[in-house]
Amino acid sequence: MNTTVIDRKTATDKSANTTEQQTKIAVKDLNLFYGEKQALFDVSIDIKEKEVTALIGPSGCGKSTFLRTLNRMNDLIDGVKINGKMVIDGEDIYQSNDVIKLRTKVGMVFQKPNLFPMSIYDNVAYGPRMQGIKNKAELNKIVEESLRGAAIWDEVKDRLKSSALGLSGGQQQRVCIARAIAMKPEVILMDEPTSALDPISTLKVEELIASMKKEYTIVIVTHNMQQAARVSDKTAFFLNGEIIEFDETNKIFSMPSDQRTEDYVTGRFG
Amino acid sequence: MRKLKDKILLGLLWFAAFLTVAVLVMIVGYIFYKGIGLISFDFIFGDYSPSGGGGILPMIVTTIYTIVISLLIATPIGILAAVYLQEYAKQGRLVNTIRFATESLTGIPSIIYGLFGAVFFVTTLKLGMSIIAASLTLTIIVLPVIIRTTEESLKTVPRTYREGSLALGTTKLQTLYKVILPSAMPGILSGLILSMGRIIGESAAIFLTAGTVAAMPASIFSSARTLTVHSFLVTQEAGDIELAAAVGVVLIVLILILNLTATFISKKLNKANY
Amino acid sequence: MSSIPVKKDAGEIGKANKRKYILEKVSGRVFLFCALLSVVSLLLIIGFVFYKGSHPFIAEGYSFIDFLLGSDWVPSEDKFGILPMIVASIYATIGALIIGVPIGLFTAIFLAEIAPRSVAKIISPAVQLLAGIPSVLYGVFGLAIIVPFLQNNLGLIKGQSLIAVIIVLAIMMLPTVVTVAETAIRAVPKAYREGSLALGVSPIGTIFKVVVPAAKSGIMTAIVLGMGRAIGETMAVILVAGNSLVIPTSLTDSIRPLTTNIALEMGYAFGTHQEMLFATGIVLFSFILILNFVLARISSKGGN
């Protein structure tokens, strides 16, 4: 494998047009096995900086599994083997052993809100505290900024010290996003973040995602094709552990080049 | 015909349940009936007098010593062992071996623990018949209890807490003491309280390792008798059922308090757990 | 081709994180060490008890067969036969099972299936609580009530007897059997019951033909645990057994089970005598190991 140092700018794809963002995450021939069973097959994808990339596909197609390789959450499962290249900012994350650094840089929001049984404040301050930040004023600032960043500040500012589990599901999910933002990540992974929410909360989270794109590179797994169409710049269609098609979201939904993509986005299966 | 058979069976079920409850009520009732008359402030807080009439303070103190020492040692070991089994270990031969050993320890009768304590702690380690030798023996007795209850409560902590914390760039250790252990605490605490009950109820193992000296222990290296052993000895040696029952009242009340506390803690903390 | 740029220094771990990784490794080792302590304890217990107990047979020329099958236990005359105690332990345990298991099971069935919820809610925790009461107190009760009762009603010279031990052990195992069996019966899915009732089987018939068989492995566990409690009980048994060294031929004979032999004589035994008590412990231990093995088989079957 080639490990030459190449300036990031010159490394961007030559065929890309000039308005294209820089590549944030470059994946090449990634294979993943659960024991004997292969779940991802030669996945290659370039995810651009400060864009929203949606991963769609039927259940069990490997889109969530792929998402979890981006911050090495699959490491928690016994018997997972991964090969191929996954490079974030020029660093192959499976060559490096610094998972802590990776996960502070690549945040994650899960399918169901998973706040800890602590106060709202402590939930958001949790990550920074674990990084050794003890200064109260600094923590206050981080908490406020993060909650504002997740568009939930006004709703919770008067009850920061009360239990986070007393919030509604939609509020909890936005606090989860605030908790991820508090780490000042560069990439945020979202695993079907609205699947457990009602339509109004879903809309709020979608608006939030759209506004967050200015600062973060976002990769979102979703079951909901309208959602993918609404929030994402690019869309990758997964089927049976492979990427069938990856392109501008408009193109995927209006004139996909692969028949299977068309079948899926038009609802013929899945 | 079938109806008759059903009726007989139903009758037997009622009868069995009645019998069980009656017998158990009778035992507790008898102990209280016989023993309650002796219970007084002086009985509980008075020093023992070999000529009779004294209190049981030395036995209470000895019992407290054994509880404190054995839990001081067994609690950290048991909790960390459970953490290893639930949070760190990859399933495989090593974990199976540890589980098998823990389960086997649960099944060993206390007289065997007594034999072991007598040859290992009392003789080999030269601790003599003493509170410390008994406490170390008790440590091994309650270790599997603590491991099992801690494992059970770790299992109830949602996986999403672990993922949520680790995804924020924390280490397993940080996740453990900031998120997992606090969530598992009610279960762990009730496990510890039940272990106290086990220590209080233990007799054979203590009998062989702490000896039977009926006096206020000068230190943890003295031989002494716990409440349960005292209750046994006054029955066996003097046939003093009344005294044995009075000690029994103290024991039953203690166990009752411990059980209620355990239930209370797990209910209360589970609710307070946001 | 694989032209993804990779920085050369990329694999470096930050200083702050390095400490965390070291701590992580060290703590993992500490946890493993704690977990291994239970294995170490078990090995020490088996090692010491077996070493001490096998010494007379290995180094002092005593015959293990004579030890097992000898009927005389006279340490002062160098006679060590534990057949009476083995027989006493087995009789006492089987007897306690014969009385305790049906009553315990029927009580468990009653609490899980028949009793109104409000009644079960009071009785179940109370029975559970009784499992935690020091066993010595069961012995005190046995000596104060059961022994005199037997003495008066059966016209015995001494009420301390096999039957007294059996009754005390049966009572003592009740809470264990009831609690474990009740949990097992409650765990049987509702659908089983409904399926049977829908076929026109009576409620009682459903309990005995469908529910109880479905809870079989849990019920077996309850029995084995109760049995473990009976065979290992020591101090309560001392009080009601009478402790005579004869092979019991009737329910009214005074007996000395394996456990009580150890507890009664450890205080003053030394030398070969003491080692023979450890050998007694080995025999008891073997019974328990067999029980554990059976229990493991049952629970692994229950898993299927």
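The structure displayed is predicted, hence computed values, not measured ones. Letters A, B, ... are given to chains in the order of the sequence lines, protein chains preceding strands, and every chain is numbered from 1.
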Taking atom CZ as the centre, does B:F32 end up with more than 12 heavy-atom neighbours from other residues, nucleotides or ligands that are less than 6.0 angstrom away?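 For B:F32, atom CZ is crowded (more than 12 foreign heavy atoms under 6.0 Å).
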
Side chains of [X] and [Y]: closer than 4.5 Å at any heavy-atom pair?
X	Y	answer
A:R68	B:E163	yes
A:R179	B:L168	yes
A:R103	B:L166	yes

Identify which part of B:K172 has an atom lying under 4.5 Å from any heavy atom of chain A, answering side chain, backbone, both or neither.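 Looking at B:K172, nothing touches chain A.
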
For B:G164 versus A:F110, what's the shortest heavy-atom pair and its separation?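 Smallest interatomic distance, heavy atoms only, reads CA-CE1, 3.8 Å.
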
B:K178 to A:Y126 - nearest heavy-atom pair and separation: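 In terms of heavy atoms, the two residues are closest at CB-CE1, 3.7 Å.
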
Among B:V179, B:I180, B:T160, B:T175, which one satisfies side-chain contact (heavy atoms from CB on, under 4.5 Å) with A:F116?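 The passing option is B:V179.
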
Interchain contact, [X] with chain B, by part (heavy-atom threshold 4.5 Å):
X	result
A:L189	neither
A:V106	backbone
A:M130	both

If you count heavy-atom pairs within less than 4.5 Å of chain B, which of A:L115, A:N71, A:I100 leads?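 Of the candidates given, the most pairs with chain B belong to A:I100.
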
